[in-house]
Trainee: 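Would you mind keeping the following structure in view while I ask a few things?
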Amino acid sequence: MQTPDQDRTAEDQFQPIARRIERLALHLSPGRGMALLSGAGEQLRMVECVRGVPRLSVETAALSEYMRGKHRDIQQRVFEYFSARPELQTPIEISKDDHRELCMRQLHGLVREAGIRPFRYLLEDPAKYFAFLEAVGSVDLSLGIKTGVQYSLWGGSVINLGTKKHKDKYFDGIDNLEYPGCFAMTELHHGSNVQGLQTTATFDPITDEFIINTPNDGAIKWWIGNAAVHGKLATVFAKLMLPTHNVKGVSDMGVHAFIVPIRDLKTNETLPGIEIHDCGHKVGLNGVDNGALRFRSVRIPRENLLNRFGDVSRDGKYTSSLPTINKRFAATLGELVGGRVGLAYSSVSVLKLAGTIAIRYSLLRQQFGPPKQAEVSILDYQSHQHKLMPMLASTYAFHFATVYLVDKYSEMKKTHDEQLVADVHALSAGLKAYVTSYTAKSLSICREACGGHGYAAVNRFGILRNDHDIFQTFEGDNTVLLQQVAGDLLKQYKEKFQGGTFTVTWNYLKESMNTYLSQPNPVTARWESEDHLRDPKFQLDAFRYRTSRLLQSVAVRLRKHSKNLGSFGAWNRCLNHLLTLAESHIESVILAKFIDAVQSCPDTSSRAALKLVCDLYALDRIWKDIGTYRNVDYVAPNKAKAIHKLTEYLSFQVRNIATELVDAFDLPDQVTRAPIAMKSEAYAQYTQFVGF
């Protein structure tokens, strides 16, 4: 029989656990925590960051409606399907092989059970397709990439590079997943340099076939999605070789695309002459079965050449509407920009997801505070706001920029306007590079902002960070893509002085180049009122001034170094300068689209919230590069201080509506699946997970 003292001792042993539960309840669910501490159901009032500052009233539903646009219905279908099929939701711990099979079941379920037809969306309404892709990527990024491989890459290459005969033969099978396929472009020794691919497709006029061959180990197709397990056909990019009667014996017609069967459609056995190797476990995206392909004299019929831009007749004669290899190559790659558009758009959705988790947690988590007073939300600390509020503003900016990109891509697919094709190519390259790099850095910041709890796999940061990391590499390495943007800028700069025309993306350079390159106005450089600093014209002029100066200065440097180093050496000498130029230009485009979106918003409260967020995005970027503006006296010292103070002030204001801003993303709980971010039952779910 226990004595009263023994009972008290037993109670004391459990007091640390009780205190831990109470503290965790307070951190994760303020209302519940306050009830535990005080016995009342009163909600814990968040500490105001700036005393006396009026808080904007935001209608979350109206803002969400404006953000998500006309295709939210297809996203709801995806979320509802997975909500009804919990066995198809990806668990936290899963092996590579199980993850691959689950991804395939998920895709089959969406297409064959839910009746969703992504391939039709891609061709008929690309904006709807990208909205669908955003939703499936939110469920599992591996599923989003596998979907993109099947429809954007494999399916898109057949439809965009082929002709009617290819569409008639393959469309239904790609659409209903009877023809799971691959996109075999990248080689072991050649990724970004597609024109340097070594795989060959030699025409045999005797049998009316192409012979696909991997001439050496460096030409093995590498990192090919769907190749290791599920793919049965592949679009293979290879040099088209035609027999000739001269000394060489063959003529290289440049890189073309060919449909090559790699597995038997019924038995799934690897076909003769095809070697398939599994690329194995990866840093992330292990639901996608990446493999390596080698071809040993594989014969395919002549009709398997995707012949939109170049064809071979029965007697071996080559015809094309485009006169040179370079023009044909440019046209081929131009039809494949949809992959970059999808990655930029999907990267923003990852940023929304991570930002939502980190901000919700930071609003609920309390730590320290004034003596003998309640602890305060960690988002009330200026350092935390500095991490997360400009990131939230950037998320909104990227959202509107990528929506604009999708709209332009859709218009391009309908009109095939040459100027629009060039514009979308440059814009997709720049936005894909800029947004994916920013998101990759931000994922680590979001994890750190959630402290130790952010390190728990259940809270998704590690999974998101690993899965998203490759976004910076595939569909074009980001450094290479930014160089393409810089090269286009220099080309436009040169044409400006030769009376050439500008594509849409570069219009501001043509319209205002002289203004931006003139000496800064000494009066304007000293204006520091809030109205002036929050004026969209001042903000956009500042962004464009920086881009124009960078463009002019790098053009001068390239001309100077070319005399001694040649064009390649000069480019390499100025490479960091060129990358900065490209990033500056993309930021100018992003801000311009954000300003347009603010001005077009029909709801008054939503427009006021977006204006606040847009101002924070613009001024934070100006402040981060304030040295550039100070060096040329574009901004006087006192004005620089005013920009800094206003940026902090706007961060405080954005913090006060942060809940409404992340709620407007309208991400359901089964998508965040992060206990530290859920608005209800967080305490119960998280304490159950950690074993209380």
Trainee: Of the non-hydrogen atoms in Lys432 and Thr473, which two are nearest, and what is the gap between them?
Mentor: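 For Lys432 versus Thr473, the nearest heavy atoms are NZ-N, 4.0 Å.
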
Trainee: Using a strict threshold of under 4.0 Å (side-chain N to carboxylate O), is an ion pair present between Arg105 and Glu87?
Mentor: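 Looking at Arg105 together with Glu87, the answer is no, because their closest N to O distance does not fall below 4.0 Å.
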
Trainee: Find the distance between OG (Ser313) and CG (Asn307) and round it off to the nearest 0.5 Å.
Mentor: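 Answer for the OG-CG pair, Ser313 versus Asn307, is 11.5 Å.
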
Trainee: Using a strict 4.0 Å threshold on nitrogen-to-oxygen distance, state whether Asp125 and Arg120 make a salt bridge.
Mentor: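 Judged by the 4.0 Å cut-off on N to carboxylate O distance, Asp125 and Arg120 do not form a salt bridge.
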
Trainee: Should the pair Arg296-Glu275 be classified as a salt bridge under the 4.0 Å nitrogen-to-oxygen rule?
Mentor: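 Here Arg296 pairs with Glu275 in a salt bridge, since their nearest N and O are under 4.0 Å apart.
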
Trainee: Run the side chain to side chain contact (heavy atoms under 4.5 Å, CB included) check on Met253 and Arg328 step by step: do they pass?
Mentor: CA-CA 10 Å; Met253 307 308 296; Arg328 293 193 292 271; 4.1 Å; yes

Trainee: Can you give me the closest heavy-atom contact between Val406 and Ala127, atom names plus distance?
Mentor: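 Looking at all heavy atoms of both residues, the shortest contact is CG1-CA, 3.6 Å.
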
Trainee: Which value, rounded to the nearest 0.5 Å, describes the distance between Leu575 atom CG and His577 atom NE2?
Mentor: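 Here the interatomic distance stands at 11.5 Å.
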
Trainee: Should Leu110 and Leu143 count as side-chain neighbours, where that means a heavy-atom distance under 4.5 Å?
Mentor: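 Leu110 vs Leu143: side chains touch.
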
Trainee: Does atom NZ (Lys96) have a neighbourhood of more than 12 heavy atoms from anything else shown, all under 6.0 Å?
Mentor: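 Yes.
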
Trainee: What side-chain donor-acceptor pairs closer than 3.5 Å can you find for residues 222-229, not counting sequence neighbours?
Mentor:
unit_1 : atom_1 : unit_2 : atom_2 : d
Asn226 : OD1    : Lys146 : NZ     : 2.5
Asn226 : ND2    : Gly181 : O      : 2.9

Trainee: Going by distance alone, is a donor N or O of one side chain under 3.5 Å from an acceptor N or O of the other, for Tyr438 and Ser347?
Mentor: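 No, no side-chain donor-acceptor contact under 3.5 Å.
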
Trainee: Just by distance, no angles: are the side chains of Thr90 and Gln106 close enough, under 3.5 Å, to form a donor-acceptor pair?
Mentor: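 Per modelled atom types, Thr90 and Gln106 side chains form a pair under 3.5 Å.
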
Trainee: Specify the closest pair of heavy atoms between Leu431 and Ala401, including all atoms of both residues, with the distance to one decimal.
Mentor: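 Nearest pair, atom of Leu431 first, then Ala401: CD1-O, 3.9 Å.
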
Trainee: Centroid-to-centroid, Phe183 to Phe237, below 6.0 Å?
Mentor: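 So the answer is yes for these two rings.
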
Trainee: List the steps and the verdict of side chain to side chain contact (heavy atoms under 4.5 Å, CB included) for Met185 and Leu333.
Mentor: CA-CA 11 Å; Met185 177 182 280; Leu333 292 192; 4.1 Å; yes

Trainee: Taking Leu305's backbone N and O only, do any of them form a donor-acceptor pair with His166's side chain (distance below 3.5 Å, no angle check)?
Mentor: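 Such a contact is found between His166 side chain and Leu305 backbone.
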
Trainee: Let's go through Lys221 and Glu187 carefully: what are the C-alpha distance in whole Å and the side-chain angles of both, what is the deciding distance for salt bridge (Lys or Arg N to Asp or Glu O under 4.0 Å) to 0.1 Å, and is it a yes or a no?
Mentor: CA-CA 4 Å; Lys221 298 292 182 180; Glu187 294 180 358; 3.1 Å; yes

Trainee: How many angstroms lie between atom CG of Leu102 and atom CD of Gln89, to the nearest 0.5 angstrom?
Mentor: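 So the gap between those two atoms works out to 10.0 Å.
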
Trainee: Apply side chain to side chain contact (heavy atoms under 4.5 Å, CB included) to Gln483 and Leu579, showing your working.
Mentor: CA-CA 6 Å; Gln483 289 181 71; Leu579 298 177; 3.9 Å; yes

Trainee: Can you tell me how the ring of Phe171 sits relative to the ring of Phe119, calling it parallel under 30°, perpendicular over 60° and tilted otherwise?
Mentor: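 Parallel.
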
Trainee: Taking CZ in Arg294 as the centre, count heavy atoms belonging to other residues, nucleotides or ligands within less than 6.0 Å. Is the count above 12?
Mentor: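 Atom CZ in Arg294 is packed in, count exceeds 12.
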
Trainee: Quiz question: by atom type and distance under 3.5 Å, do the side chains of Asp140 and His99 form a donor-acceptor pair?
Mentor: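 Present: a donor and an acceptor within the cut-off.
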
Trainee: Charged N to carboxylate O below 4.0 Å: is that the case for Arg100 and Asp278?
Mentor: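 Salt bridge flag = yes for Asp278 with Arg100.
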
Trainee: Applying the side chain to side chain contact (heavy atoms under 4.5 Å, CB included) criterion to Tyr179, which one of Ile259, Val158, Leu233 satisfies it?
Mentor: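 Only match with Tyr179 under side chain to side chain contact (heavy atoms under 4.5 Å, CB included): Leu233.
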
Trainee: Answer with yes or no whether the side chains of Lys282 and Asn466 bring together a donor and an acceptor at under 3.5 Å.
Mentor: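 Lys282 and Asn466 do not have a side-chain donor-acceptor pair below 3.5 Å.
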
Trainee: I'd like to know if Arg299 and Glu209 make a salt bridge, using a cut-off of under 4.0 Å between side-chain N and carboxylate O.
Mentor: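 So Arg299 pairs with Glu209 through a salt bridge.
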
Trainee: In terms of side-chain heavy atoms, does Asn478 have a donor or acceptor partner in Ser437 at a distance below 3.5 Å?
Mentor: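 Side-chain D/A pair, Asn478 to Ser437: present.
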
Trainee: I want to know whether Tyr318 and His256 have ring centres closer than 6.0 Å.
Mentor: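 Judged by ring-centre distance (under 6.0 Å), Tyr318 and His256 do meet the cut-off.
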
Trainee: Does the side chain of Glu134 come under 3.5 Å of the side chain of Ser346 through a donor N or O and an acceptor N or O?
Mentor: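 Their side chains do not contain a donor-acceptor pair, so the 3.5 Å distance test is not met.
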
Trainee: Roughly how far apart are Cys446 SG and Arg460 CZ, rounded to 0.5 Å?
Mentor: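 Rounded to the nearest 0.5 Å, the SG-CZ separation comes out at 13.0 Å.
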
Trainee: Answer with yes or no whether the side chains of Glu583 and Tyr434 bring together a donor and an acceptor at under 3.5 Å.
Mentor: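 Short answer, no.
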
Trainee: Is any NZ, NE, NH1 or NH2 atom of the basic residue among Glu178 and Lys232 found under 4.0 Å from an Asp or Glu carboxylate oxygen of the other?
Mentor: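 The answer is no: the pair does not qualify as a salt bridge.
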
Trainee: Give the intermediate values and the outcome of side chain to side chain donor-acceptor pair (under 3.5 Å) for residues Asn326 and Gln195.
Mentor: CA-CA 9 Å; Asn326 287 340; Gln195 278 188 298; 3.1 Å; yes

Trainee: Looking only at atom types and distance, does a side-chain atom of Thr244 sit under 3.5 Å from a main-chain N or O of Ser251, one as donor and one as acceptor?
Mentor: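 No, because the side chain of Thr244 does not come within donor-acceptor range (under 3.5 Å) of the backbone of Ser251.
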
Trainee: Within this structure, what is the CZ-OG1 distance for the pair Arg308 and Thr332, rounded to the nearest 0.5 Å?
Mentor: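 One gets 9.0 Å once the value is rounded to the nearest 0.5 Å.
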
Trainee: Assess whether a salt bridge exists between Arg302 and Asp208, defined as any Lys/Arg side-chain N lying under 4.0 Å from an Asp/Glu carboxylate O.
Mentor: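 Yes, this pair counts.
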
Trainee: Is Lys164 salt-bridged to Asp168, cutoff N-O under 4.0 Å?
Mentor: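 Looking at Asp168 together with Lys164, the answer is yes, because their closest N to O distance falls below 4.0 Å.
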
Trainee: Roughly how far, to the nearest 0.5 Å, is CG of Leu558 from CG of Leu578?
Mentor: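 Result: 5.5 Å between the selected atoms.
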
Trainee: Taking all atoms of both residues into account, what is the closest heavy-atom pair of Tyr151 and Leu122, and its distance?
Mentor: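 That closest heavy-atom pairing would be O-CD2, 3.3 Å.
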
Trainee: Go through the steps for Ile470 and Leu285 under the test side chain to side chain contact (heavy atoms under 4.5 Å, CB included), then give the verdict.
Mentor: CA-CA 9 Å; Ile470 194 63; Leu285 295 179; 3.4 Å; yes

Trainee: If you draw a 6.0 Å radius around NZ in Lys165, do more than 12 non-hydrogen atoms from other residues or ligands fall strictly inside?
Mentor: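 Correct, the count exceeds 12.
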
